Protein chains: 2
Amino acid sequence: MGDLVETEQLIKKTARDIFFQKGRLKATTQEIADEAGVNRALIHYYFRSREQLLQVVFEEAVAETRQKIAAIFESDLPFKKKISQYLDVFIDRNFRYPYMQNFIITEINQNPDKEDDYLNKKRENLCRTIFPQLNEEIKKGNMAPVKPEHFIANLMSMCSYPLVAKPILQRMFALDDDGYKTFLQERKQVIYKTLFNEAPPKE
Amino acid sequence: MGDLVETEQLIKKTARDIFFQKGRLKATTQEIADEAGVNRALIHYYFRSREQLLQVVFEEAVAETRQKIAAIFESDLPFKKKISQYLDVFIDRNFRYPYMQNFIITEINQNPDKEDDYLNKKRENLCRTIFPQLNEEIKKGNMAPVKPEHFIANLMSMCSYPLVAKPILQRMFALDDDGYKTFLQERKQVIYKTLFNEAPPKE
DNA sequence: ATCACCGTTAACAAATTTGTTAAACAATTG
DNA sequence: CAATTGTTTAACAAATTTGTTAACGGTGAT
């Protein structure tokens, strides 16, 4: 049935949901095809191999987040305001695709040497952009002194881990899905307060 | 060659190193056998299946950490001292097996419904033990008020994430293996300071 | 010495999964 | 309508991996 160009998009969307929403990181091409309701050979027709499909889906998902984050830190907002916005964007984004963080980690752990340009550039830039801003903020006396590496590590840890380890924390705190969603929303405030030792400004 | 009971131990040790030190979570039985220098069939002879080997190796590794942590929080040290010790034990332990955190997360994500008794009990107990101690500490005015869930989330996040995401942070901060080791050691102080907004007491 | 047992081995069977191919089919264009 | 193009399908081939089995070898007990 001539689905126009839709089949390719359908496969991508299905794969993205299977991988990054449902967390079925080991899903076979057959499972993806079944869930998309298409013949398995079409996956190879459009993407050559399972790995290339994964690559495409992943890069597209990353690109979307990347530019949002970059825009924040390249703006001329006050530093603390940038962190607030980062928390908003990052947590909301990764709540939609809870297993993406997990995927990144697993993949990089599996091929630590593989040059993932998209990710590396993102991270290098992030550091180059943030480190000076952070040191400036400390010099101004707006926050306690801290090595930039540790500040970033703290920030990323407190954002990412509760997303990566959702099943662990959710069970540990006996929260249902709605409860965990609320918990993640609260974290925006909590992380800000933990990093700066002061409540975030009201909107 | 009659290796006494040693073969079984050798397989376990090899598997543990492959899985939890080297992070080769997808290692086949053949790879494990080769690295142990034994015939692959012996893995099935001793452990029936690849999965059961994994299970055994994992449980043994977890049990070791579990009791150390439990002992700390069941002691009658001051609360902040407990956190200090937790940081020491947890970070050192997981530095030896950097991929264990990662493994736990991947496994639980893959079978979120599977009743992993060993892990669940550990976590439930941890919560039951820590929450009252934490609230007590707040009531005494020794630390800023915070919901226990968020405090635990912060603590676990800042400990675990840099271990789980080692390849990411290591590259991001351009650290070699020694540099990253130092970084992790520094984190013990940094996390304490971030949680309590005061430097940890000297030893 | 022989028997039984345990550890070990190679060879095999079975299942799973990926990727290819050739043919069928649909849609569009001349 | 025929021809061409692009899409879809079923069937096949190949590789990978797990688990089983039957035979082999040494060790100790009777």
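Model, not experiment: these values are computed from the prediction. A note on names: the letters A, B, ... follow the listed sequences, proteins ahead of strands, and every chain is numbered from 1.
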Nearest-Å distance for atom pair CG/P, residues A:N39 and C:dA23 = 17 Å
Establish, with yes or no, whether the OP1 or OP2 oxygen of C:dT16 is under 4.0 angstrom from a side-chain nitrogen or oxygen of A:T28.
-> no
Within this structure, what is the OH-to-C1' distance between A:Y46 and C:dT20, rounded to whole angstrom?
-> 17 Å
Between D:dA15 (C1') and A:R50 (CZ): distance, integer Å = 16 Å
Check the side chains of B:R93 and B:T65 for a donor-acceptor pair under 3.5 angstrom, ignoring hydrogens and angles.
-> yes
Would you check if the distance from the ring center of A:Y99 to the ring center of A:F19 is below 6.0 Å?
-> no
State whether B:S49 places a side-chain N or O below 4.0 Å from either non-bridging phosphate oxygen (OP1 or OP2) of D:dT18.
-> no
Round to the nearest Å and state the distance from B:Q30 atom CD to C:dC12 atom C1'.
-> 15 Å
Assign the ring pair A:F183 / A:Y180 to parallel, tilted or perpendicular, where the plane angle (0 to 90°) is split at 30° and 60°.
-> tilted
Within less than 4.0 Å of OP1 or OP2 of D:dT21, is there a side-chain N or O belonging to B:Y45?
-> no
Examine distances only and state if a side-chain atom of A:K82 and a backbone atom of A:S75 form a donor-acceptor pair shorter than 3.5 Å.
-> yes
Between A:R48 and A:E31, whichever has its closest DNA chain C nucleotide further toward 5' is A:E31
Whole-Å distance, A:F47 CZ to C:dG19 P, equals 13 Å
Can you find a side chain N or O atom of A:T29 that sits less than 4.0 Å from OP1 or OP2 on C:dT18?
-> yes
CG of A:D34 versus P of D:dT9: gap in Å, rounded?
-> 12 Å
Nucleotide D:dT8, atom C1' - distance to CD of A:E6 in whole Å = 15 Å
Ring-face cation contact, A:F196 with A:K80, 6.0 Å cut, 45° max = yes
Could you please name the option among D:dT9, C:dT9, C:dT18 that lies closest to any side-chain atom of B:L42?
-> C:dT9
Rounding to a whole Å, what distance do you find between A:E8:CD and D:dG6:C1'?
-> 13 Å
Side chain of A:R40: nearest nucleotide among C:dA11, C:dG19, C:dT8?
-> C:dG19
